[in-house]
Amino acid sequence: MTPELLAPAGSPEALLAAVEHGADAVYLGWGAFNARRGARNFSDGEFARAVSWCHVRGVRVFLTLNILLTDRELPAALETARTASRLGVDAVLVQDWGLFGLLRQALPDLPLHASTQMSLFTTGGANEIAAAGCERIVLARECSGEETAEISRNCPAEIEVFVHGALCVCYSGQCAMSAMVGGRSGNRGRCAQPCRLPYGVNEPAGSKRPLSLKDSSLADRLGGMAEMGVACLKIEGRMKSPGYVAAVTDIYARLLEEGRRPTAREREVLERAFSRSGFTDAYWRGEKGPEMLGFRPENAPAAEEPAPSETDRRIPVEFDCAVRAGEPCALAADDGLGNAVTVTGPVPEPAGNRALTAEDLTARLQKTGGTPYRCAAVKVTVDPGLYLSAAGLNALRRDALEALSAARAAPPVRWERVSPPLPDVDRSEAEPRFTVSVTTAAQLTGGLLDLHPHRVHVPLELLAEVPSLPETEAEYCAILPRVWRDRDEDLLRRRLEKARGLGVTGLLLGNLGHFPLARDGGWRLYGDYGLNIFNSRSLAWLRERGLESACLSFELRFSQMRDMRKILPAEAIVYGRLPLMITENCLIHNTVGCRCDRPNFLNDRTGAAFPLLPAFGHRTEVENSRTLWLADRPDWRRLGLRYARLRFTTETPEECARVFRDYLEGAAPRGDFTRGLYLRGVE
């Protein structure tokens, strides 16, 4: 089966371009809650007209509500979804767990799609959200063809793949660099794209752009995707021009329709429409490396909109017309998809000079130019000796097609429920207990453990290397890798058993795919920051999945944390270098070779140095240049948190113990520091 071609519609003009050039579906933003809030997007009236106009033409419409939402925003987001559902929108894309759960309860018939912002890249994660009622999953762009095929084979939900457009260097949904550096959150639809700026790795920033990837183009891989069962091919670009949308959609529609690869001319058109030093398909091939890097000069030419395709994509209609003496003429129109209408016109008169013939009637009905329809077949019954004017016949045909359009655009009847109340649970605490997370074995000293942390979080990779753990009253918890693949899961399970033998009893889960790995193993399960918990309903949704506590997003303000209903015991990071990115490409290897065993830094144009830490699978985690310091502020102690985490990354063992003591004493900061986003918030 040919996959659906999904095109971006960042404006009404882009929507028109997408539909005219062969899109089977479009995705667009309406209202305040979508991941491209800087796009033109749609007004209320434009959105309603767009849904109807697209449905008449057989094009599906997906609404993007794919950002993290606060408790105050959730009611408005639900009303946006309610209105969209009543208008007949075909699906809603979601990132936020709380909104996902709310929509499933309040609008149980509304199809939901998992945005790529959910960071799903394993079969377990895909199945987890599918079991919760998700109909389609947009996989992480970093997934290879082999990995995509594996997930497609083993997940009941439809799989959607980005086939063309921009690549973020960080996994979608896991980037905090724009938020931390500029106060504009990618998780809130306001990314300022700091990854496109110049940086230096272990050298001052110059002209190099080690975070800027080429755009993806999988135009040569479409046949393989169809064979592996991928349901939808997605073109990125809601911030792009209508010319770009037209050019790219037109070529991909032709490739799918004709079952071929692009010509040299088509490749040139794609590159001229928009590219960054050309294109890459490395991730799809299961590869990565510096050849993926690229950027776009400021004076690059803009895309020109091509002429609409000559392929006739109008809706085929079958007509059945009866013209009988003494009866109003009747015309039935059927689109073959379950939409059939019948209209009536005037009573025919006795013919004067020339009587209406079946041939005349057929020719008149076939003239559907200027409409979204084409006449596929005509059946006529004409009594002899009758006359019907050309204007009357034209009006009859027009009325039939208008009635058919109304039937095709009619929204489905969907079940609606009132917004369900939150569980009557409050796990707020008067004073949080400290937890610590370490990065190296050397940081696990008696000096740190003697300060009595409640929990100690240790990376699973580190636990695989140590023969034993220091004795402590604290609970040891393994931090599962934030990014991994299906092929890694046997290794992870073996390491979990090793951790169990070391006395580890808890697991820190930072991705939905961790749940099937950890469930039923007798572990105590805690949520990590990678889950992007932004509201009370997210806590409720994750509580249902077995978590005992959860770390809140560090993009929240203190006031938002305070006001959140603590349906689960809540944790917040109160010290440390906050993680800004996790990248599939090893930023160190890409630029200076394999030297992950030594300190490495990403330097920006201001001289700020961001530590680069190796992550599981030869990936890189970018840490903030400044350390979060809150020891001297009393406000974080009054948020109702159960736990406050000290996150140690680049600190020496002595510094770890000293910081812990400083927090116990409420000491002032030393050196360069940040208050994070807890006071200023994000856009």
Side-chain angles (χ1 to χ4, degrees), residues 1-2 4-5 16 19-26 49-61 88 90 253-254 256-259 308-413:
M1 186 175 180
T2 303
E4 180 177 63
L5 181 61
L16 177 64
V19 174
E20 285 189 343
H21 291 272
D24 300 310
V26 295
R49 290 190 294 273
V51 174
S52 176
W53 187 84
C54 285
H55 285 172
V56 167
R57 287 154 181 80
V59 174
R60 301 210 294 165
V61 180
D90 295 280
R254 290 173 187 268
L256 285 171
E257 190 170 9
E258 299 169 18
S309 170
E310 295 179 3
T311 302
D312 191 351
R313 294 193 173 93
R314 293 180 298 168
I315 309 301
V317 176
E318 295 185 1
F319 288 118
D320 187 347
C321 188
V323 180
R324 298 184 181 277
E327 299 178 7
C329 57
L331 176 61
D334 192 326
D335 65 1
L337 298 172
N339 299 297
V341 297
T342 300
V343 297
T344 58
V347 177
E349 302 173 3
N353 296 325
R354 185 172 182 275
L356 178 68
T357 67
E359 291 76 14
D360 294 336
L361 181 55
T362 298
R364 185 64 61 179
L365 292 176
Q366 288 174 334
K367 294 181 178 180
T368 59
T371 74
Y373 305 101
R374 62 178 175 84
C375 179
V378 178
K379 178 183 176 182
V380 298
T381 302
V382 183
D383 286 352
L386 299 177
Y387 170 77
L388 200 60
S389 69
L393 286 173
N394 289 342
L396 187 68
R397 184 193 64 236
R398 183 176 62 250
D399 290 347
L401 292 181
E402 287 178 354
L404 184 60
S405 291
R408 289 172 61 84
V413 177

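- Scanning both residues, Pro348 and Glu327, for their nearest heavy atoms gives CD-O, 3.0 Å.
- Taking 4.5 Å as the limit, every side-chain heavy atom of Arg60 sits out of range of all side-chain heavy atoms of Asp24.
- Within the model, atoms CZ of Arg324 and SG of Cys329 stand 12.5 Å from one another, a figure rounded to the nearest 0.5 Å.
- Put simply, the side chain of Glu402 does not reach to within 4.5 Å of the side chain of Val343, judged on heavy atoms.
- Between Lys367 and Ala363, the closest heavy-atom pair is CG-O, 3.5 Å.
- Here CG of Leu388 is found 7.5 Å from CG of Leu396. Values are rounded to the nearest 0.5 Å.
- Evaluation of the side chain to side chain donor-acceptor pair (under 3.5 Å) test over residues 368-385, restricted to residues two or more places apart or in two chains, returns Tyr373-Ser405.
- Contact detail for Val26 and Cys54: the closest heavy-atom pair is CG2-SG, 4.2 Å.
- In this structure, Ser389 OG and Arg364 CZ are separated by 9.0 Å, a value rounded to the nearest 0.5 Å.
- The salt bridge (charged side-chain N to carboxylate O under 4.0 Å, His left out) contacts involving residues 386-399 comprise nothing, where partners must be two or more places apart or lie in separate chains.
- Side-chain contact between Leu401 and Phe319: present, with at least one pair of heavy atoms (C-beta onward) separated by less than 4.5 Å.
- Atom CG of Asn339 is separated from atom CD1 of Ile315 by 10.0 Å, given to the nearest 0.5 angstrom.
- Applying the side chain to side chain donor-acceptor pair (under 3.5 Å) test to Asp320 and every residue at least two apart in sequence or in another chain returns nothing.
- Atom-to-atom distance recorded for Arg57:CZ and Arg408:CZ is 9.5 Å, nearest 0.5 angstrom.
- Scanning all heavy atoms of the two residues, the minimum distance from Val61 to Ala50 falls at CG2-O, 4.4 Å.
- The minimum heavy-atom distance between Leu331 and Cys321, with the atom names listed, is CD1-CB, 3.7 Å.
- Val382 places none of its side-chain heavy atoms less than 4.5 Å from the side chain of Asp360.
- Side-chain atoms of Leu356 and Leu393, non-hydrogen and from C-beta on, do get closer than 4.5 Å to each other.
- Between the CG atom in Leu337 and the CG atom in Asp335 there is a gap of 4.5 Å [rounded to 0.5 Å].
- Looking at every heavy atom in both residues, Ala409 comes nearest to Ser52 through CB-OG, 3.5 Å.
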